[in-house]
Structure formats: C-alpha cells, structure tokens
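I have placed the structure first, in the form of structure tokens, so that the comments after it can refer back to it.
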Amino acid sequence: MKVLHLAAEIYPWIKTGGLADVTGALPQALREAGAEVRLLLPGFPAIAAALEQQRTLASFGPAFGAGEVRLLLGSLGQDGVSVVMIDAPWLYRRDGGPYENARGAPWPDNLQRFGLLSWVAAHLAAGEFDPRWQADVVHAHDWHAGLACAYMAAHPGRSASTVFTIHNLAYQGLFGNDEFATLGLPERYLQPDALEFHGRFSCLKAGLVFADRITTVSPTYAREIATPEFGCGMQGLIQQRAAVVSGILNGVDPAVWSPGHDALLAAPYSAADGAGKALCKRALQAELGLEADAQAPLFGLVSRLTPQKGVDLVLAALPAALAQGAQFVLQGSGDAALEAACAAAAREHPGRVATRIGYDETLAHWLIAGADAVLVPSRFEPCGLTQLYGLRYGTLPLVRRVGGLADTVVDASPQAVAEGRATGFVFDAATPEALAGALQRAITAWREPVLWQALMRRAMAQDFSWAEAARRYLDLYRDLREERATS
Ligand code: ADP
Ligand code: GLC
C-alpha cells in the first residue's frame with residue numbers, strides 16, 4: 001500500500017498546533033503497520049535545513065509564481081518514511097510561520113504556496129516525477145492540502161484514491177474568485193457544487209467535495225460537523241457526504257510525550273513511582289514565580305489563544321478558583337486581546353497566576369508534567385491533544401464535552417468514580433459558571449488524596465496509541481483500493 005501524505009506542518013520542524021504532532025507521528029505509525037509512506041512537504045527553511053537529501057526527482061518551472069521548482073527525495077530521519085520536499089525558495093524560504101508572517105498577517109501568495117503543494121501531490125501520485133513510485137492513496141490534511149483532491153479529480157491519469165482529513169473546519173482557505181484562474185483547474189470547479197463558497201472559493205471545500213473519503217480526528221467531531229453549530233457553513237455538504245465521513249482519534253507519540261523518559265522534565269516519573277511529579281510541580285512553580293505550595297491545586301493551560309479554545313472562560317472563572325487556593329499557569333500565543341487578558345490576570349494575581357506568552361516546547365512539557373490538572377475548555381475541539389498528554393502524565397484533564405474531548409475524558413461523576421472509569425472532569429455549557437463548577441469539583445477532589453490518586457492511576461493507564469489510529473487508516477485505504485479494483 002503506497003500512501004502519499006501532504007501537509008504544511010510537521011513536528012518538530014514546523015508547528016503551529018496539533019496538525020504538526022499528527023504528521024510527525026502518523027506516517028511512521030502507518031509504516032510500522034505495513035504501509036509505504038511518502039510525505040510531501042513545502043520546503044520551509046527548517047525542513048530544507050533538516051532534509052537528508054537522497055536525490056532530485058524533478059525540476060521544472062516557472063510554476064505558481066515560483067521561478068524554478070525542484071522536488072527533492074530524502075528523509076527527516078524517521079525510520080522508513082520518505083519525504084519529498086518541494087524546493088521553491090521564492091514561495092517557501094522565508095522567516096515567519098507557515099501561513100502568516102511574524103506580525104500575524106496571512107502571506108499574500110498563500111494560494112500559490114498551497115496550490116503548488118497540492119498540484120505536485122496529484123502529479124507525484126500519478127508517477128509523473130518518479131516513474132518508480134505511484135500512490136494508491138493520496139491523504140491530504142486540512143485546507144492547505146485540500147486542492148490536491150481537486151487536482152486529482154481533474155487529472156486524466158488519476159489512479160490513486162483520495163482521503164481528506166479535517167483537523168479544523170474553521171480554517172477554510174478562502175480566496176477571491178479572481179485568483180482562481182492561477183490554479184489551472186477546470187473553470188466549472190468554481191461553481192457552488194465544487195469550490196465556490198459565498199462569493200469566494202474554499203480550498204477546504206475542495207477536499208470535502210472531491211475526496212473519496214473524508215475523515216476527521218474524533219468520532220464526536222465527525223457527527224458535530226453535520227450540524228449548524230459546528231459545521232462552519234459546510235454542514236449541508238457534510239450531510240450530503242455523510243456516507244464517506246468518519247472519525248479516527250489521534251494518538252500520542254510516546255517518543256515525545258512519556259513522563260518516564262521525557263528528557264525535558266526536571267524529574268521523570270511513572271504511575272508506579274510518582275515522586276518525580278511533585279518535583280516537576282515545584283520546579284514549575286519556581287520557574288514561573290508561583291508560590292511554592294505543594295497543597296495548592298495547580299491548573300495549567302497550553303494553547304493557541306483563539307476564541308475556539310475558551311481561554312476567556314478560564315479568565316472569567318479564575319477568581320472563584322483562586323479564592324479556594326488554586327494556582328494557574330497560562331501558556332499560549334495568538335489573539336492580541338487574549339494575550340493581553342492572560343498577561344493582566346498574572347499581574348493581578350502575582351504568585352497565584354503565571355502567564356507565558358509565546359511558543360515554548362520545553363515549558364509545554366514542564367506544564368503538562370508539573371500541573372495537577374490541564375484545562376481544555378474549548379468551544380469546539382476536533383480532537384485536542386493536550387488532554388491526551390495530560391492523561392499520560394497523570395495531569396487530570398478538565399475539559400468541555402465537545403469533539404475529541406468528549407471522546408477521550410471520562411468525567412469523575414459519582415457513578416464513574418465508583419466504577420473506576422473516571423479520568424478527569426467534564427462540563428457542558430460554554431459558560432464561566434459551568435467551567436467554575438467543574439473547577440470547584442476538581443478542587444474538592446484534589447483535597448481527597450486517595451480519590452485523586454485513583455483518578456491519576458486510571459488516567460495514566462489510558463492508551464491513545466498511534467498504532468490503533470494507523471490500523472484504522474489502513475483499513476480505510478484498503479477499502480478504497482478494493483473499491484477502485486472493482487469499479
Ligand atoms: P490545536 O491543534 O487546535 O492547536 P491541539 O490540542 O490538537 O490543538 O494541539 C496543540 C499542540 O500545540 C500541542 O502539542 C500543544 O502542546 C502545542 N502548543 C500549543 N500552544 C503552545 C505553546 N504556546 N507552546 C508550546 N506548545 C504549544
Ligand atoms: C486541529 C484541532 C485539534 C486537533 C489537531 C490535530 O488543530 O484544532 O483539535 O487535535 O488539529 O488533529
């Protein structure tokens with residue numbers, strides 16, 4: 001089974017969120033499950049610097065505004081996963097993020113940048129750049145790769161099936177119709193039954209319309225996106241395609257997130273020997289200027305700061321929890337107003353609330369290990385990874401009952417506690433009051449060490465593995481291959 005994945009992020013080289021964690025782990029897990037995986041990536045500076053190049057597959061150009069384009073086959077050191085990097089310096093070699101410049105403005109040539117990524121995928125899959133390698137399946141991630149499904153549909157030599165994975169339906173890759181011609185796609189694709197979306201066109205919609213299978217990253221989110229509340233205007237289309245939509249939960253990469261051998265931590269620990277966790281908490285409190293108080297329940301949040309993540313709910317619920325002796329660590333970056341509000345909370349409550357604005361991988365590990373509970377009060381959450389990391393680290397997740405959060409955390413209700421199933425705290429309404437109620441329950445549980453220890457043990461015994469996710473994706477790929485063979 002030959003599978004070509006394409007994506008705009010990959011941990012640890014280029015990351016804005018969980019998509020990078022997925023593309024950093026899933027290809028390897030698929031390979032271990034028996035697939036032959038190639039990963040197609042834009043030649044961003046960090047990837048170009050890390051690529052161990054084996055050979056040049058092709059060079060051509062000009063294309064998509066790039067003078068010359070070279071396709072380089074190599075690896076990023078992951079066992080058995082080949083990388084094809086698109087070397088197009090004019091489009092990709094610049095400082096800043098994958099989608100935005102350092103000031104947070106989208107790159108003006110994003111359509112060319114991700115159009116090229118998608119176009120190359122379709123032609124690479126057909127064996128045009130490397131006659132020795134043709135894909136059975138092209139697997140595109142999020143809007144940046146959505147156009148690949150349109151190019152595949154339009155490609156006369158198409159032999160591969162397509163899978164489109166929605167990591168976040170809210171980012172739709174919208175562009176003005178005047179830019180459509182630069183893509184070289186059939187004009188009819190600019191119709192409402194294809195890419196057109198409210199007077200513009202959407203690269204995400206290309207994936208939703210043309211992919212043979214649509215997946216998203218949890219079963220609950222797969223159901224939610226068929227409703228107006230979560231569908232971001234795409235719910236009608238999702239309903240139409242319901243027969244090919246499914247949810248496959250993300251996993252955790254144990255090489256990156258395991259408390260027993262996490263080199264970033266002040267002290268490693270395990271379910272059997274939790275002494276290190278107390279050291280991690282003390283180190284986190286000292287590092288961030290929080291009072292060195294082992295008895296204070298410490299709540300942590302590590303997140304992009306966008307309305308999706310419900311950080312405003314945390315800020316509103318904070319005073320009541322502080323009054324009961326809690327501490328908070330807020331780490332993230334994003335919306336300027338949310339950044340400022342988080343910073344203000346720390347100034348208002350010195351020694352009890354610490355805020356770190358910015359992206360910091362080491363601090364994220366310190367927080368997940370050192371906090372007692374991790375907050376994920378999202379308005380919507382396709383999967384969510386920090387609650388999974390929290391479970392592994394015995395840092396109980398406190399989450400809203402949406403998307404992947406609902407699928408991965410069992411609320412400490414009296415019944416679930418009695419049955420030994422509880423792993424965290426779950427609340428329903430996206431209101432400060434509902435979150436405050438969950439914080440209250442968590443603080444009460446924290447004051448009962450026997451109960452808290454039992455919850456921790458249960459949490460740490462959870463296994464959200466990439467092997468399981470890879471098995472499901474592979475089943476999907478096999479179904480597609482069979483369909484193709486019999487059609
Ligand atoms: P999303 O993809 O919507 O941002 P996820 O929970 O799936 O949410 O993934 C977020 C990932 O990004 C996690 O690996 C988390 O640890 C990481 N992360 C988020 N913000 C930061 C930050 N400021 N510093 C370091 N890591 C961060
Ligand atoms: C998205 C979602 C998040 C998910 C991640 C990886 O960014 O917001 O819920 O975990 O993708 O699939």
Side-chain angles (χ1 to χ4, degrees), residues 5 7-12 14-26 97-99 139-145 164-172 204 215-222 224-225 230 232 247-253 255-257 262 264 300-311 329-335 338-339 342-343 354-369 371 374-393 395 397 399-400 402-409 464 466 469 473:
H5 279 253
E9 300 187 27
I10 179 168
Y11 175 86
I14 183 145
K15 167 166 168 175
T16 71
L19 171 62
D21 298 26
V22 173
T23 54
L26 175 60
Y99 323 116
H139 190 152
H141 297 272
D142 265 356
W143 78 260
H144 335 105
F164 181 67
T165 294
I166 306 164
H167 295 267
N168 196 327
L169 199 64
Y171 299 98
Q172 303 187 326
L204 175 94
T215 70
T216 185
V217 284
S218 69
T220 294
Y221 192 61
E224 289 171 341
I225 56 178
F230 295 99
C232 302
I248 298 178
L249 266 182
N250 287 331
V252 176
D253 185 347
V256 184
W257 292 100
D262 184 333
L264 298 173
L301 174 138
V302 49
S303 181
R304 292 182 295 113
L305 299 180
T306 67
Q308 171 189 348
K309 299 295 183 176
V311 184
V329 177
L330 310 173
Q331 181 194 0
S333 62
D335 289 5
L338 286 172
E339 288 186 355
C342 290
T355 295
R356 285 294 179 275
I357 300 300
Y359 187 88
D360 182 339
E361 195 68 34
T362 301
L363 185 63
H365 283 249
W366 276 49
L367 187 155
I368 295 287
V374 59
L375 302 173
V376 200
S378 308
R379 292 198 161 75
F380 68 93
E381 197 60 74
C383 178
L385 294 172
T386 56
Q387 86 280 13
L388 299 184
Y389 303 153
L391 289 169
R392 265 183 92 77
Y393 281 64
T395 304
V399 306
R400 182 156 176 254
V402 280
L405 303 171
D407 292 336
T408 54
V409 182
F464 292 100
W466 275 115
Y473 282 115

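Numbering of ligands and ligand atoms starts at 1, following listing order. Just so you know, these numbers come straight off a predicted model, no measurement behind them.
Side-chain contact between Tyr359 and Gln331: absent, with no pair of heavy atoms (C-beta onward) separated by less than 4.5 Å. Two residues are said to be in side-chain contact when any heavy atoms from C-beta on lie closer than 4.5 Å; Leu385 and Val252 fail this criterion. Contact check for Pro12 versus Glu361: no side-chain heavy atoms found under the 4.5 Å cut-off.
For ligand 1, the atoms lying closer than 4.0 Å to a non-hydrogen atom of Asp21 are 13 (C), 14 (O). Short contacts between ligand 2 and Asn168, defined as distances under 4.0 Å to a heavy atom of the residue, involve ligand atoms 8 (O). Close contacts between ligand 1 and Tyr359 involve ligand atoms 21 (C), 22 (C), 23 (N), 24 (N), 25 (C), 26 (N), 27 (C) [criterion: under 4.0 Å to a heavy atom]. Taking every non-hydrogen atom of Pro382 and a distance limit under 4.0 Å, the qualifying atoms of ligand 2 come out as 2 (C), 8 (O), 9 (O). Each of the atoms 12 (O) of ligand 2 lies under 4.0 Å from some heavy atom of Val217. Within ligand 1, the atoms closer than 4.0 Å to a non-hydrogen atom of Asp360 are 24 (N), 25 (C), numbered from 1 in the order shown. When each atom of ligand 1 is checked for a heavy atom of Gly18 under 4.0 Å away, the hits are 1 (P), 2 (O), 4 (O), 7 (O), 9 (O), 10 (C), 11 (C). Ligand 2 places these atoms under 4.0 Å from at least one heavy atom of Val22: 6 (C), 12 (O). Close approach of ligand 2 to Gln308 (heavy-atom distance below 4.0 Å) involves ligand atoms 8 (O). Of all atoms in ligand 1, numbered sequentially from 1 with element shown, those under 4.0 Å from a heavy atom of Gly17 are 2 (O), 4 (O), 11 (C), 12 (O).
Between Gln331 and ligand 1, an N or O atom pair is found at a separation short of 3.5 Å. Where the criterion is an N or O separation shorter than 3.5 Å, residue side chain and backbone included, Cys383 meets it with respect to ligand 2.
Using a 4.0 Å cut-off between heavy atoms, Leu19 contacts ligand 2 through its backbone alone, with no side-chain atom that close. No part of Asp21 comes within 4.0 Å of ligand 2, judged by heavy-atom distances. The side chain of Lys309, and not its backbone, has at least one atom closer than 4.0 Å to an atom of ligand 1 (non-hydrogen atoms only; side chain from C-beta on). Proximity of Pro382 to ligand 1, defined as any heavy-atom pair under 4.0 Å, is not found for any part of the residue.
Among His141, Arg304, His167, Glu9, the residue whose heavy atom lies closest to atom 2 (C) of ligand 2 is His167. Closest to atom 18 (N) of ligand 1 by heavy atom, among Thr386, Leu388, Val302, is Val302.
Contact analysis leaves Gly404 out of contact with ligand 2, as no non-hydrogen atom separation drops below 4.0 angstrom. Residue contacts with ligand 1 leave out Tyr11, since none of its heavy atoms falls under 4.0 Å from the ligand. Ligand 1 lies less than 4.0 angstrom from a heavy atom belonging to Lys15. Using a non-hydrogen distance threshold of 4.0 Å, Ser303 registers as a contact of ligand 1. Using a non-hydrogen distance threshold of 4.0 Å, Gly358 registers as a contact of ligand 1. Not a single heavy atom of His167 sits closer than 4.0 Å to an atom of ligand 1.
Of all protein heavy atoms, the one closest to atom 4 (C) of ligand 2 is Gly384 N, 3.7 Å. The protein heavy-atom contact nearest to atom 5 (P) of ligand 1 is Leu385 N, 3.6 Å. Protein heavy atom in closest approach to atom 3 (C) of ligand 2: Glu381 OE2, 3.3 Å. Considering only non-hydrogen protein atoms, atom 4 (O) of ligand 1 sits nearest to Arg304 NE, 2.7 Å.
Once rounded to the nearest 0.5 Å, the distance linking CG of Asn250 with CG of Leu26 reads 8.5 Å. If you take OG on Ser378 and CZ on Arg400, they are separated by 8.5 Å, rounding to the nearest 0.5 Å. One distance of note links CD of Glu9 with CG of Leu19; it measures 4.5 Å at 0.5 Å rounding. How far CG of Asp21 is from CH2 of Trp257: 7.5 Å, rounded to the nearest 0.5 Å.
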(message) Pair His139, Tyr473 - check ring pair (Phe, Tyr, Trp, His ring centres under 6.0 Å), show working.
(response) CA-CA 10 Å; His139 190 152; Tyr473 282 115; 5.3 Å; yes
(request) Output, in order, the C-alpha distance, side-chain angles, deciding distance and verdict of ring pair (Phe, Tyr, Trp, His ring centres under 6.0 Å) for Trp143 and Tyr171. (result) CA-CA 7 Å; Trp143 78 260; Tyr171 299 98; 8.9 Å; no
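Judged by distance alone, with hydrogens and angles left aside, the side-chain atoms of Asp407 form no donor-acceptor pair with the main-chain N or O of Ser218 at under 3.5 Å. Looking at Thr216, its side chain never comes within 3.5 Å of a backbone N or O of Ala222 through a donor-acceptor pair. Thr395 places a side-chain N or O within 3.5 Å of a backbone atom of Ile368 that can act as its donor or acceptor partner. Remark: side-chain polar atoms of Glu381 are not paired, donor with acceptor, to backbone N or O of Val402 under 3.5 angstrom.
Between the side chains of Tyr11 and Asp253, no donor N or O sits under 3.5 Å from an acceptor N or O. Judged by distance alone, the side chains of Tyr389 and Gln387 never bring a donor and an acceptor atom under 3.5 Å apart. A donor atom on one side chain and an acceptor atom on the other are found under 3.5 Å apart for Asp262 and His365.
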